[in-house]
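As structure tokens, the structure follows; a few thoughts come after it.
All values reported here derive from a predicted model rather than from experimental measurement. Whatever order the structure lists them in is the order used to number ligands and atoms, beginning at 1.
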Amino acid sequence: MAAKLLILGGTTEATDFAATAAEAGLTGIVSFAGRVARPKRQPLPQRVGGFGGAEGLAAYLRAEKITHVIDATHPFAAQMSHNAVAACTRAQVPLVALTRPAWQAQPGDTWHHVPSIAAAAAALARPAQTVLLAIGRIHLAAFTGHPQHSYVLRLVDAPDTPPPFPQHEVIVARGPFTKDSDLALMRSRGVSLVVSKNSGGKGAYAKIAAAREMGLPVIMIDRPAIPDRQELGDSAAVLAWIAHSGTERGV
Ligand code: 3Y8
Ligand code: NAP
């Protein structure tokens with residue numbers, strides 16, 4: 001039976017792999033949660049919306065006769081990754097994660113590692129500053145306990161209600177970002193502190209490189225725990241895995 005892939009997307013790596021798979025003549029579908037108004041067009045057919053938990057995903061895998069799942073979601077999409085492990089075990093479908101390594105501090109970096117979004121908010125208990133809060137929209141509410149700061153908020157879509165911060169500016173922009181554009185943004189706003197997830201990859205790194213150049217501290221949120229699964233680091237390795245794991249199952 002020919003391979004039919006489900007790519008759990010939402011990252012640069014997912015888009016790159018979808019192009020690789022399309023060029024290799026593979027069929028499949030790229031899946032988005034529906035977090036932003038217009039998800040990026042993919043080189044394969046795409047779907048938008050949750051599956052209804054691990055159970056819903058297992059049912060989807062069976063109904064769509066998916067032969068391989070590639071979890072290329074963001075390292076902070078921990079629930080999706082948990083569900084993918086559970087559903088692929090239940091539906092007996094091979095699963096691999098396409099991941100990118102966490103960023104490592106370079107000489108000149110001043111990082112304060114925190115284990116969670118809540119811990120990052122707690123670390124803002126300090127005198128008023130201008131803070132670049134570039135962690136998206138979903139977790140903004142966690143930071144409302146420190147209204148002394150002036151926040152520069154970067155969001156993919158314009159918010160339908162003003163974010164709950166007395167002093168804030170919304171920058172509506174979608175990555176990937178460049179160091180020069182982030183330097184210009186951070187200098188023009190007088191940013192003196194950056195809050196970031198340790199997302200890895202290139203698309204979100206610009207603010208980290210800009211902080212280093214400006215000698216600014218970064219509150220760096222470490223990644224959430226994700227269950228054990230096979231992890232690969234590039235599209236070619238995933239293509240090889242698809243070829244190999246297919247034969248293993250005798251499909
Ligand atoms: C909907 C789908 C591609 C993928 C591009 C990557 C890079 C640019 C940088 C900052 C950091 C942030 C955020 C970010 C980046 C890439 C990648 C990445 C960070 C899109 C996309 C979807 C999302 C969802 C969105 C979250 C938000 C997070 C903004 C597409 C553009 C902050 C993560 O408004 C919301 O609800 C936004 C939600 C999850 C985190 C959050 O908690 O708010 N991503 N981002 C996916 C879906 O519906 O399934 O249109 O491309 C994808 C990308 N965003 O193909 O080029 O690979 O990581 N995304 C973070 O890293 O901290 C911005 O501003 O400096
Ligand atoms: P999450 O908290 O791990 O997942 C919450 C629920 O959203 C999941 O249980 C699932 O709903 C649905 N979901 C998540 N990703 C999905 C996908 N690719 N396709 C279909 N349903 C999905 O997820 P998240 O952190 O909100 O991330 C959502 C999306 O944004 C993912 O595609 C991720 O790659 C992308 N993204 C996230 C971040 C981030 O910082 N979190 C950054 C960049 C991109 P059901 O349980 O109903 O199936």
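With a 4.5 Å cut-off on side-chain heavy atoms, Glu64 and Leu6 do not count as touching.
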Check ligand 1 for N or O atoms under 3.5 Å from a protein N or O and list each pair with its distance.
from	atom 1	to	atom 2	distance (Å)
ligand 1	34 (O)	Arg137	NE	3.0
ligand 1	36 (O)	Arg35	O	3.4
ligand 1	36 (O)	Arg137	NE	3.1
ligand 1	36 (O)	Arg137	NH2	2.6
ligand 1	42 (O)	Ile135	O	3.4
ligand 1	42 (O)	Lys197	NZ	3.3
ligand 1	43 (O)	Arg137	N	2.7
ligand 1	43 (O)	Ile138	N	3.1
ligand 1	48 (O)	Ala33	N	3.2
ligand 1	48 (O)	Gly34	N	2.8
ligand 1	48 (O)	Arg35	N	2.8
ligand 1	49 (O)	Ala33	N	2.5
ligand 1	50 (O)	Lys40	N	2.8
ligand 1	50 (O)	Arg174	NH1	2.4
ligand 1	55 (O)	Thr11	O	3.4
ligand 1	55 (O)	Thr15	OG1	2.4
ligand 1	56 (O)	Lys40	NZ	3.1
ligand 1	57 (O)	Thr12	N	2.8
ligand 1	57 (O)	Thr12	OG1	2.8
ligand 1	57 (O)	Arg100	NH1	2.9
ligand 1	58 (O)	Arg100	NH1	3.3
ligand 1	58 (O)	Arg100	NH2	2.9
ligand 1	61 (O)	His74	NE2	3.1
ligand 1	61 (O)	Ser199	OG	2.6
ligand 1	64 (O)	Arg154	NE	2.8
ligand 1	65 (O)	Arg154	NH2	2.9
ligand 1	65 (O)	Lys207	NZ	2.9

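For the side chain to side chain contact (heavy atoms under 4.5 Å, CB included) test, no residue two or more places apart in sequence or in another chain qualifies with Pro176.
Here's the thing with Ala72: none of its N/O atoms is less than 3.5 angstrom from an N/O atom of ligand 2. Below 3.5 Å of separation, one finds no N or O of Ser81 facing any N or O of ligand 2. Below 3.5 Å of separation, one finds no N or O of Leu8 facing any N or O of ligand 2. For ligand 2, the polar-atom distance check finds an N/O of Gln79 within less than 3.5 Å of one of the ligand's N/O atoms.
Atoms of ligand 2 found under 4.0 Å from any heavy atom of Ile138 (numbered from 1 in listed order, with element): 26 (O). Within ligand 2, the atoms closer than 4.0 Å to a non-hydrogen atom of Gly50 are 11 (O), 21 (N), 45 (P), 47 (O), 48 (O), numbered from 1 in the order shown. Each of the atoms 39 (C), 40 (O), 41 (N) of ligand 2 lies under 4.0 Å from some heavy atom of Lys197.
The shell of residues lying under 4.0 angstrom from ligand 2, judged by heavy atoms, includes Gly53. Within the 4.0 Å heavy-atom shell around ligand 2 one finds Arg47. Note on ligand 2: Gly49 sits in its first shell, one or more heavy atoms being nearer than 4.0 Å.
Among protein heavy atoms, the minimum distance from atom 9 (O) of ligand 2 is reached at Asn83 ND2, 3.3 Å. Among all non-hydrogen protein atoms, the one lying nearest atom 37 (C) of ligand 2 is His74 CB, 3.5 Å. The nearest protein atom to atom 12 (C) of ligand 2, hydrogens excluded, is given as Ala33 CB, 4.0 Å; this is a heavy-atom distance. Taking atom 6 (C) of ligand 2 as the reference point, the nearest protein heavy-atom neighbour is Arg35 NH2, 4.0 Å. The protein atom (non-hydrogen) at minimum distance from atom 35 (C) of ligand 2 is Gly10 O, 3.9 Å. Looking only at protein heavy atoms, the nearest one to atom 18 (N) of ligand 2 is Ser31 O, 3.0 Å. Atom 47 (O) of ligand 2 has Gly52 N, 2.9 Å as its closest protein atom, hydrogens excluded (heavy atom only). In terms of protein heavy-atom proximity, atom 31 (C) of ligand 2 is closest to Gly9 O, 3.8 Å.
Closest to atom 16 (C) of ligand 2 by heavy atom, among Met80, Arg137, Glu13, His139, is Met80.
In this structure, the side chain of His149 engages the main chain of Leu124 through a donor-acceptor pair within 3.5 Å. Checked by atom type and distance alone, the side chain of Arg100 pairs as donor or acceptor with a backbone atom of Ser199 at under 3.5 Å. A donor-acceptor contact shorter than 3.5 Å links the side chain of Arg223 to the backbone of Asn198.
Rounding to the nearest 0.5 Å gives a distance of 8.5 Å between CG of Leu95 and CD of Gln230. Taking CD1 of Ile138 as the reference point, atom CD1 of Ile117 lies at 9.0 Å (rounded to 0.5 Å).
Contact record, Lys179 with Glu213: NZ-OE1, 2.6 Å, taken as the closest heavy-atom pair. Minimum heavy-atom separation, His82 to Ile226: CE1-CA, 4.3 Å. What you find for Pro217 and Ser192 is that their closest heavy atoms are CD-O, 3.5 Å.
Ring geometry for Phe76 against His74 counts as tilted: the plane angle lies between 30° and 60°, on a 0 to 90° scale. Between Trp241 and His68, the two ring planes are perpendicular [angle over 60°; tilted spans 30° to 60°].
A side-chain hydrogen bond (donor to acceptor under 3.5 Å, both in side chains) with Asp182 is found for exactly one of Arg187, Lys207, Arg154, namely Arg154.
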### Message
Set out, in order, the CA-CA distance, both residues' side-chain angles and the distance that settles side chain to side chain contact (heavy atoms under 4.5 Å, CB included) for Val131 and Phe143, then state yes or no.
### Response
CA-CA 11 Å; Val131 181; Phe143 293 87; over 6 Å; no
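In this structure, Ile171 shares a hydrophobic cluster with Trp103, Trp111, Leu132, Val152, Leu183, Leu185, Met186, Val191, Val194, Tyr205, Ile208, Met214, Leu216, Val218, Met220, the cluster being traced through Ile, Leu, Val, Met, Phe, Trp and Tyr side chains under 4.5 angstrom apart.
Contacts with ligand 2 closer than 4.0 Å are made by backbone heavy atoms (N, CA, C, O) of Ala78 only, the side chain lying farther away.
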Determine all donor-acceptor pairs shorter than 3.5 Å in which one atom belongs to a side chain in residues 20-41; sequence neighbours excluded.
from	atom 1	to	atom 2	distance (Å)
Thr20	OG1	Asp16	O	3.1
Thr27	OG1	Ala3	O	3.0
Ser31	OG	Arg47	NH1	2.8

